There are 2 protein chains.
Amino acid sequence: MLRLSKLTDYATVILSFMAKDKTQVLAAMEIASMTGIAQPTVSKILKLLVNANVLISTRGAKGGYALARTPEEISVAAVISALEGPIALTECSISHQGCEQASGCDIRGNWGLINQTIHNALESVTLADLTRPAAVPEEVFVPVASLYR
Amino acid sequence: MLRLSKLTDYATVILSFMAKDKTQVLAAMEIASMTGIAQPTVSKILKLLVNANVLISTRGAKGGYALARTPEEISVAAVISALEGPIALTECSISHQGCEQASGCDIRGNWGLINQTIHNALESVTLADLTRPAAVPEEVFVPVASLYR
DNA sequence: TTAAATAGGACTAGAATAGTCCTCAATTAA
DNA sequence: TTAATTGAGGACTATTCTAGTCCTATTTAA
Ligand code: FES
Ligand code: FES
């Protein structure tokens, strides 16, 4: 199904909530109770988002989490890669080691292009787009095949 | 990582091999020995591809598998959905049941758009594109730096 | 100093995947 | 007609991955 992990799904919910909320800094526990996601799980996700520079954290009392940039500047690609690592469909798109199929596999370059296309698509959608109420058919069409012919 | 399953990866290797091979009909065992993938696994994949109308099978002695269409007419999207089901990042893009996040989730429409975009990208690349020798310079691989900016 | 928070990582249980195997059905050729 | 070949379909197991929890250390405000 080419699916996103559950944690990534939660992350979008959490970030959407944070984008809509006026408050600048929110504690993990607040977020948990507002979104209905279990607190330890929320914390785990928030930490990952901090590591990927999507969120900024403040320690200590009165501490919490805040968006590192405006919702317009946070791409869906950034969120996904924060939770799941580099966006790539196949192993060999990330590192070219250990991918020698017996009969010589020349697929690499082409998969790379596909990955690039998908990455572009995800890069072009921001958190602001996700929170926008009704989807504006802002067609993000990238004709990959045309790049070959 | 937004990754493809290993079986899907194998499927592309198998199909690439079949596309390049002159022979019309290939037995599962032949494919296994040529690609180096274990025979039972190859069979499993071939069966799935038949069910999805990507391959056509012939039973009995001298039987085997053949591409259902020309490589130009077999999209990567078709291959992926044969192995992994509908191409969609989130559950609620497939069926809209049971996705009511406490605070009212209006994400659907927008995820739908993202899914559509990715689907378009995968639909536009064919098996012929994958087998094409060295389509692109190395530079096309996903620029990891952009994931963290 | 104390309380409130995050950082980091270990750990467990459950789910999904990969991979194998067995039996049945169909086709060809001797 | 029979035997050999090959795919269909599905059950099954083992392994890996994911989700989720929890513990301890660190940082900061009051
Ligand atoms: S499997 Fe990595 S290049 Fe083909
Ligand atoms: S989770 Fe399905 S619509 Fe938001």
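Naming: A, B, ... by sequence-line order, numbering from 1 per chain. Only this structure's heavy atoms are used, side chains among them; waters, hydrogens and symmetry mates stay out. Owing to the predicted nature of the structure, the values given are computational and were not obtained by experimental measurement.
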Short side-chain N/O contact to C:dG19 OP1/OP2 from B:Tyr10, under 4.0 Å: yes
How many angstroms lie between CD1 in B:Ile80 and CD in B:Glu123, if you round to the nearest 0.5 Å? 10.0 Å
Distance below 4.0 Å between A:Ser5 side-chain N/O and D:dA19 OP1 or OP2: yes
Please state how far atom CG in A:Leu7 lies from atom C1' in D:dG20, giving the value in whole angstrom units. 8 Å
Would you say the side-chain atoms of A:Glu84 pair up with the backbone N or O of A:Ser5, donor to acceptor, closer than 3.5 Å? yes
Would you kindly give the CD-to-P distance between A:Gln39 and D:dG20, to the nearest whole Å? 14 Å
Side chain of A:Ala27, heavy atoms from C-beta onward: which of C:dA25, C:dA5, C:dT17 has the nearest atom to it? C:dA5
Protein-nucleotide distance (A:Lys62, atom NZ; D:dA29, atom P), rounded to Å: 11 Å
Any side-chain heavy atom of B:Val50 within less than 4.5 Å of one from B:Leu46? no
Mind checking if B:Lys47 touches a base, just sugar-phosphate, or nothing, with heavy atoms under 4.0 Å? base
So which one's nearest nucleotide on DNA chain C is more toward 5', A:Gly60 or A:Lys44? A:Gly60
Among D:dT18, D:dT27, D:dT28, which nucleotide has an atom closest to any side-chain atom of A:Arg59? D:dT27
Round to the nearest Å and state the distance from B:Leu83 atom CG to C:dG19 atom P. 12 Å
If the cut-off is 4.0 Å, is A:Lys6 near the phosphate of D:dG20, judged by side-chain N/O to OP1 or OP2? yes
What is the separation between atom CD1 on B:Ile31 and atom P on D:dT6, rounded to the nearest whole Å? 12 Å
Length of the line joining A:Leu48:CG and C:dG8:C1', which is rounded to integer Å: 11 Å
Rounded distance (Å) that lies between atom P of C:dA18 and atom CD1 of B:Ile37: 12 Å
What nucleotide among C:dA3, C:dT20, D:dG7 has an atom nearest to a side-chain atom of B:Ala38? C:dT20
Can you tell me the distance, in whole Å, between the CG atom of B:Leu46 and the C1' atom of D:dT6? 12 Å
Residue B:Tyr65, side-chain atoms from C-beta onward, closest of D:dG7, D:dA19, C:dT6: D:dG7
Hey, does the side chain of B:Ser43 come within less than 4.0 Å of D:dA8's phosphate (OP1/OP2), counting only N and O? no
Evaluate whether atom CD of B:Gln24 has more than 12 neighbouring non-hydrogen atoms of other residues, nucleotides or ligands under 6.0 angstrom away. no
Strictly below 4.0 Å: does A:Asn51 bring a side-chain N or O up to OP1 or OP2 of C:dG8? yes
Using OP1 and OP2 only, check whether a side-chain N or O of A:Ser57 sits under 4.0 Å from C:dA7. yes
Nearest 0.5 Å, please: how far is CD in B:Glu73 from CG in B:Leu127? 11.5 Å
